Structures are given as C-alpha cells and as structure tokens.
2 protein chains.
Amino acid sequence: MDTKTLCLGVLTQGDASGYEIKKAFEDGPFGHIQEIGFGSIYPALAQLLREELVTVTQYTQEGRPDKKIYSLTSAGRLLLLDALDEPTEPDKVRSDFLFRMMFAHLLSPSALEVMIDDRMAVLNAAIAGLQQAADDQFAPASETFINGYALAIYRAMADYIEDNRYQLVGASLMPERAVAE
Amino acid sequence: MDTKTLCLGVLTQGDASGYEIKKAFEDGPFGHIQEIGFGSIYPALAQLLREELVTVTQYTQEGRPDKKIYSLTSAGRLLLLDALDEPTEPDKVRSDFLFRMMFAHLLSPSALEVMIDDRMAVLNAAIAGLQQAADDQFAPASETFINGYALAIYRAMADYIEDNRYQLVGASLMPERAVAE
DNA sequence: TATGGTATATATCGTGACGATATATATGGA
DNA sequence: TCCATATATATCGTCACGATATATACCATA
C-alpha cells in the first residue's frame, strides 16, 4: 500500500488538502491503518496530479497560508478500486517497546519499570480516547469496526503487560545480583 | 530503531551471519518486533564493520556458499546499551487488511468474505504456532513474555473479527442493493 | 529423468518512505 | 513577552524496501 493509494483512499471520503490528509492519519480511523508524514504526502499528491488521478483548486485564506484542495477524478476512483482487488499484504509492526523488553536482562529494574509504566500510560490514554469514539452512533460501519478492533488490541496489550510484567522485572534483577555477588 | 541497532541486538544472543540474522527476524521472537530484509541487513553489517562495532570471520563451506560470521565488539555492545537508554519510540503499524475494511462499502460481499477468511486463516496459523512455542519451559523470560504478548494480540484480533464481521458484510451489501433497485 | 521449488548464502540497485528543516502567520498560555 | 501549537506547503538527504542476480544442493513431482 503506497502513499499514493492511501491518499486516494482518504479522498473518497471527501476533498481534502495535504494537511488535512495528514490529520486523517493522526486522529481519524485512518490513524489505525498506518502513519504517513508530509514528506510522503506532498510528493504523492504532486504525482497523482501529473497522472490526472486528482485535480486541485487553490484557495487564498486570510491569516492562514494558501490551501490546495485535492479532488478525486473518476480515473483516480477506479485506480483505488483496482488496488482494493489486489492481494492483501500481511500486516507489518515495528515495536521499539518490544525490542527493549527483549533485552530486559540488560536493563536495571528501575529503568525497566519506567519503560513499562510509560507504555501503560500510552495504552490507557489510547483506550480512553477510543471508548469515547465508540459512543458515536452515526459513524459508518467501517469506522465503528476499525475503532473497536483497535480498542480490542490495546486492551489485550494492556491486560497482558499488567499480568506479566513481574516476569520481566524478575529477569532484570538477576544480572545485578550476579554482579553484586 | 535503525537496522544497525537491530543487528547489534541479535548479535548479543550469539555470533551470526547476515542470513541467520534474517532468519531471526522471521521465525524467532525478533519476528514479533519487526521485519527486515537482506537489502537492509547487508549494508548495515558493512557499516558496522567499518565503524568497528562488529568483527567478521569468513568460513568456506562445502556444498554451500561461503559464510561470514559477525561478532560484537565491546564498543558494539556498549552502543546497544546506549540505544536502549534512549526514549522509546511509539509502535508503528501498517495494516493493508484494515485499509481494505475501511472501504468495505465499495467491495462485493463475496470479495469481503474472502478477505476476512484469509485474514482469519493467517491469524489462526500464527496462534497455533505460538501455542506450541509457549510449551518451551527453558526459554528466557523475555522470549516467553514476547511470545505471550504476540499470542494475546493475535487472539484479540481473531476474536474481534469473528464477533464483528457481520457488521461489515452488512455494510457491503447496501450499495449493491442500491444499484439493483 | 527432468523440472521446479525450497534452502543456504551474499550482494547490489532503483524507487520510495521518513525525518528534519525551511518558511510564514495567528492564537493561546505561561 | 516569549514560546509552543496550529495552520499550510515544500524540499532534501539518508535510509529502508523489494526485486533481482549469482551459485549450489536437495527433494518432490510430473
């Protein structure tokens, strides 16, 4: 799933600027699909424009920078549908947190506790935010599904970490004892 | 977490070749942290060698290509410890599957069912594999923790999808009805 | 028997993603 | 007043990723 296709996807939900596409990948349901930055979005939109998969209208705003609103063309809409028909790629994760947990035995117990507490705080904040979003009765079925999916995963993560953190802290103590003895 | 640091991490568990590092990120507990390919590993190892963070020994094998076994230097081990002290970056996900679910209303019910069934098959296979790995009583605490963490997440995903897939299939029916009427 | 797929093993190359940085203005809080 | 945040676009260098090349051995299947 390249950035161009992701932009086409957001634009099916309505016209948007590059800045608004970025926000959709931060707050909205797209935020649970993946993150993308400006360094990917603006070149992608420029290329979509060259390929006539989107059109632009420039707006001059007072007190704000100019805004370029992009709209899907019918060719762009068709290309998205083609992309959805292609084989689904496996999910990809990248967890800096898990990498650190892999080396719990090289960390001091206090450093490890801080890492786990930080992670729990992030998870609990995400869970709280998603529980509020779950109250929206007028959201489309796909958004409700994705929010619930993310909520289920965050809860599973938080529950597992709370139930099993003692195992890691125990392991992190051992090398220190060995050094002390 | 760049590829160089990831390679240093695997090498703390014992000397390894680039090929063996790749395998560690496919099968072992590192597989749940992130994926990396040869195109990232070999340049990273070459750079680590130049910076004297690892050393190499080349082995000639019979019936197999030559093998380059890399070992951590003390500078390499210290650099890994420094990296573990740096602030933990937030997890990153990239789900081609969720992207498709976001556009369930643009898919035929049969195409949607196939996508969900495929996803369930992948999840159930992963769950079955992890349940076997959970029986290993001699694995280090960190590996047991990570395997259990991955298992908890996969189970949460599978359970949620089974319980809520009907919502999406219902939504995918609607446009077809609209076209038919 | 031949063919094709899988495993072992290293390496490169082009495309594209990512993070940092630049530019400009307005608002809100310390 | 000063700094951070929000709005808005854009570029640039570095790094990651996927595809491809090369070479051999082994196993299954047609």
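These numbers come from a predicted model, not from an experiment. Numbers restart at 1 for each chain; the letters A, B, ... are given by sequence-line order, proteins then strands.
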If you check the [X] side chain, which of [options] turns out closest?
| X | options | value |
| --- | --- | --- |
| Lys68(B) | dA10(D), dA16(D), dA11(C) | dA11(C) |
| Tyr19(B) | dA9(C), dC17(D), dA10(D) | dA9(C) |
| Ser17(A) | dA17(C), dC18(C), dT9(D) | dT9(D) |

[atom1] of [X] versus [atom2] of [N]: gap in Å, rounded?
| X | N | atom1 | atom2 | answer |
| --- | --- | --- | --- | --- |
| Leu45(A) | dA8(D) | CG | C1' | 13 Å |
| Phe25(B) | dA16(D) | CZ | P | 12 Å |
| Leu49(B) | dT10(C) | CG | P | 13 Å |
| Lys23(A) | dT9(D) | NZ | P | 11 Å |
| Lys22(B) | dA9(C) | NZ | C1' | 12 Å |
| Gln47(A) | dA10(D) | CD | P | 15 Å |
| Lys67(B) | dT22(D) | NZ | C1' | 19 Å |
| Met1(B) | dC15(D) | CE | P | 14 Å |

Residue pair Ser40(A)/Asp66(B) against DNA chain C: nearer the 5' end by closest nucleotide is Asp66(B)
Mapping Phe38(A) and Lys4(A) onto DNA chain C by nearest heavy atom, which one lands closer to the 5' end? Lys4(A)
Check Arg94(A) with Glu89(B), please: is the shortest side-chain N to carboxylate O separation under 4.0 Å? no
Answer yes or no: is there an ion pair linking Asp117(A) with Arg165(A), defined by an N-O contact shorter than 4.0 Å? yes
Should the pair Phe145(A) and Tyr149(A) be assigned to parallel (<30°), tilted (30 to 60°) or perpendicular (>60°) ring geometry? parallel
Judged by modelled atom types alone, do Thr88(A) and Asp96(B) share a side-chain donor-acceptor pair under 3.5 Å? no
If we ignore angles and hydrogens, is there a donor and acceptor under 3.5 Å between the side chains of Asp2(A) and Thr5(A)? yes
Once you apply a heavy-atom cut-off of 4.0 Å, does Gly39(B) come out as touching a base, just sugar-phosphate, or nothing? base
Which residues within residues 85-99 of chain A lie with some heavy atom under 4.0 Å of an atom in DNA chain D? Lys92(A), Arg94(A)
Any cation-pi pair here, Lys22(A) with Phe38(A), using under 6.0 Å and within 45°? yes
Glu52(B), CD: over 12 other non-hydrogen atoms inside 6.0 angstrom: no
